[in-house]
Amino acid sequence: MALWGGRFQGGSSAMFRQVNDSLPFDNVLAVQDLQGSIAWSRAIARAGVISAAEQSQLEQTLNELIALANEGKLDFAASTEEDIHSFVEAALIERLGDLGRKLHTGRSRNDQVATDLRLWVREHCEHLNQDLTRVIASLVSSAETNQQVIMPGYTHLQRAQPVRYAHWALAYVEMLKRDLGRLSDLTKRMNQCPLGCGALAGTTYDIDRQEIATELGFDSPCLNSLDAVSDRDYVLELLFCASTSMMHLSRMAEDLIFFNSGEAGFIRLGDQVTSGSSLMPQKKNPDALELLRGKCGRVFGHLQALLVTMKGLPLAYNKDMQEDKEGVFDAVNQWHCCLLISVEVIDSIKLDAERCARAAREGYANATELADYLVGKGTPFRSAHDIAGQVVLTALDQGKAIEQLPLETLKGYSELIEEDVYPVLQLEYLVDKRHILGGTGAKPVNKALDAAKSWLSQHAQE
Ligand code: ARG
């Protein structure tokens, strides 16, 4: 019989059960539900609702159920219970009879599910924190191995100015560090405990809410019972964290897909993260990267779906909110897998330093240097820009790089150009000239690499 069966004369229809039951997906909250139940049993014992002996019996059985859950031995598929909360209660009653029927005193599934989900989110924030750190570590080590490699940097997907590969990799480190920061902000904000808020109005039993909160690792109890049972901001925030981070991963994937293309040929990806074509024997497709890009769609969708579900919901709990779970479970799983596959992809990257440098040289990426050289000799920047543009046009016509044009040709555009222009046009020179903080020169890049490494070792200790 359902938990709420007393008031009913007829049973639920099969279709109602299919729409209403959440056990098929909320069973992943089993351990959290059992942990919350232990804390609740202690709270009602302190309030004098059950005796110390009864509490210890309940706690022992709940711990046995936790062990079964961890071993995957709770048979959810065979159960006809509505949700994880009724499943746990039924399991207690089966083992303890009337004592099992006492646990729910003063509690509602509304404060229960709100607590379970917070515990789940908090725990997964920790796992995701580790996953993000692993990607950062891979990027840092790839940057370090390929510290000398220079490749074209792009704007509008046109070769713009040369950059170090390490600088490119460290750009993603910055993004992922922000993703980590967002996760830890969320963890701080959500770390309040709903238990004791009952269905919506609080409970009449003498529950020490601070004590339950502390036992479950929360900083404090939620301060308003109506808000506590109907707040899903922390789920939305996690979905936003997942979406932003997936967006970062998709940009990295897109860059790497391009670097790996036959046209660019800057990198080669390992066999372990690519696949072949059923028809074309020569193909090696960057599937892992395409899926990183592709899976963004569903994660963004889960964020949008929950925002729409929550919009306009009256206080306090409404069953609509049961729809919060499948989306966040899937989003977290996808994000987790995408972070781990990113590690494998990055670790498999082999750079073709020669092709990178050639592409950087071929794209007239040193045209800005020529303009700056003329500025150094007193030409106003706008005129220097125009002269450099004309030189590029001539070089293009002749199928040459700027530095391959003889001095007489260059002098035809400005008398101020001398022999000393050639070293200025060299790739390493023009890259390393960008030694400003945050720039792509060897000095700032090495500094950024050192900073990233010490961040990593500090973060590992936290
Ligand atoms: N399965 C429900 C959910 O996930 C649990 C809360 C049920 N509360 C209720 N008043 N029916 O939201």
Side-chain angles (χ1 to χ4, degrees), residues 1-41 44 50 54 57-121 123 194-195 198-200 229-230 232 235 302 305-306 309 316-330 332-333:
M1 192 174 73
L3 290 174
W4 33 262
R7 184 218 181 280
F8 286 74
Q9 286 176 328
S12 308
S13 82
M15 187 45 75
F16 175 75
R17 294 293 308 262
Q18 193 176 321
V19 172
N20 185 59
D21 290 4
S22 54
L23 186 62
F25 53 86
D26 69 12
N27 67 69
V28 305
L29 297 174
V31 172
Q32 289 77 11
D33 199 74
L34 290 158
Q35 289 166 338
S37 294
I38 292 179
W40 187 248
S41 72
I44 56 174
I50 54 172
E54 287 178 315
Q57 231 183 318
L58 275 172
E59 181 156 343
Q60 191 186 332
T61 309
L62 289 163
N63 273 321
E64 283 161 19
L65 290 168
I66 290 181
L68 288 175
N70 286 332
E71 289 163 28
K73 286 194 182 141
L74 293 179
D75 194 355
F76 303 115
S79 169
T80 55
E81 293 300 332
E82 177 183 337
D83 57 23
I84 187 59
H85 323 296
S86 49
F87 179 94
V88 167
E89 190 166 320
L92 277 181
I93 294 170
E94 191 187 312
R95 287 162 176 79
L96 299 172
D98 269 351
L99 177 54
R101 291 190 178 88
K102 290 188 179 179
L103 178 64
H104 209 55
T105 315
R107 188 175 65 167
S108 158
R109 281 184 296 164
N110 298 351
D111 57 351
Q112 201 176 348
V113 72
T115 305
D116 294 359
L117 199 52
R118 280 183 196 240
L119 290 173
W120 188 92
V121 165
E123 205 177 299
L195 268 186
L200 73 163
V229 295
S230 59
R232 293 295 181 273
V235 183
H302 293 317
L306 187 58
T309 298
Y317 179 84
N318 300 270
K319 200 58 171 275
D320 315 42
M321 288 160 64
Q322 179 167 285
E323 289 295 308
D324 58 1
K325 292 178 197 59
E326 284 165 289
V328 73
F329 295 161
D330 181 61
V332 165
N333 184 39

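Summarising the geometry, atom OG1 belonging to Thr105 is positioned 8.5 Å from atom CH2 belonging to Trp40; distances are rounded to the nearest 0.5 Å. Separating the CZ atom in Arg107 from the OG atom in Ser37 is a distance of 4.0 Å, to the nearest 0.5 Å. Atom CZ of Phe25 is separated from atom NZ of Lys325 by 6.5 Å, given to the nearest 0.5 angstrom. Taken to the nearest 0.5 Å, the CG atom of Leu92 stands 10.5 Å off from the CD atom of Glu64. Taking CG from Leu195 and CG from Asp116, the interatomic distance works out to 8.0 Å, rounded to the nearest 0.5 Å. The line from OG of Ser86 to CG of Leu23 is 7.0 Å long, rounded to the nearest 0.5 Å.
Two residues are said to be in side-chain contact when any heavy atoms from C-beta on lie closer than 4.5 Å; Gln112 and His104 meet this criterion. Looking at Phe87 and Asp33, their side chains never come closer than 4.5 Å, going by heavy atoms from C-beta outward. Under the 4.5 Å side-chain criterion, counting only non-hydrogen atoms from C-beta, Asn20 is not in contact with Ser12. Between Asn63 and Ile38 there is a side-chain heavy-atom pair separated by less than 4.5 Å. Between Arg95 and Leu99 there is no side-chain heavy-atom pair separated by less than 4.5 Å. Using a 4.5 Å cut-off on side-chain heavy atoms (C-beta onward), Leu117 and Arg232 make contact. Val31 has its side chain out of reach of Trp120: every pair of non-hydrogen atoms, C-beta onward, lies at least 4.5 Å apart. Taking 4.5 Å as the limit, some side-chain heavy atom of Leu62 sits within range of a side-chain heavy atom of Val88.
Counting heavy atoms of neighbouring residues, nucleotides and ligands inside a 6.0 Å radius, atom CD of Glu323 does not exceed 12 of them. Sparse packing is recorded around CD of Gln18, with 12 or fewer heavy atoms of other residues, nucleotides or ligands lying under 6.0 Å away.
The ring-ring contact (aromatic ring centres under 6.0 Å, His included) search around Tyr317 returns none, not counting sequence neighbours.
Of all heavy-atom pairs spanning Ser41 and Leu58, the tightest one is CB-CD1, 4.1 Å. Contact detail for Arg118 and Pro194: the closest heavy-atom pair is NE-CG, 3.7 Å. Taking both residues in full, the closest heavy atoms of Ala316 and Leu200 are given as CB-CB, 4.0 Å, listed atom of the first, atom of the second, then distance. Between Glu71 and Lys73, the shortest heavy-atom contact is OE1-NZ, 2.8 Å. Nearest heavy atom pair, residue Asn110 against residue Gly198, reads CB-O, 4.1 Å. In this structure, Ala90 and Glu81 approach most closely via the heavy-atom pair CB-OE2, 3.4 Å.
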| query | Could you walk me through whether Lys102 and Asp98 pass the side chain to side chain contact (heavy atoms under 4.5 Å, CB included) check? | reply | CA-CA 7 Å; Lys102 290 188 179 179; Asp98 269 351; 5.6 Å; no
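A salt bridge links Lys319 and Glu82; the closest N-O separation between the charged side-chain nitrogens and carboxylate oxygens is under 4.0 Å.
For the side-chain contact (heavy atoms from CB on, under 4.5 Å) criterion with Asp83, the lone passing option out of Asn27, Asp26, Val113, Leu29 is Asp26.
Between the side chain of Asp111 and the backbone N or O of Ser108 there is at least one donor-acceptor pair closer than 3.5 Å. At least one donor-acceptor pair under 3.5 Å links the side chain of Arg17 to the backbone N or O of Thr80. One N or O on the side chain of Thr61 and one on the backbone of Gln57 form a donor-acceptor pair closer than 3.5 Å.
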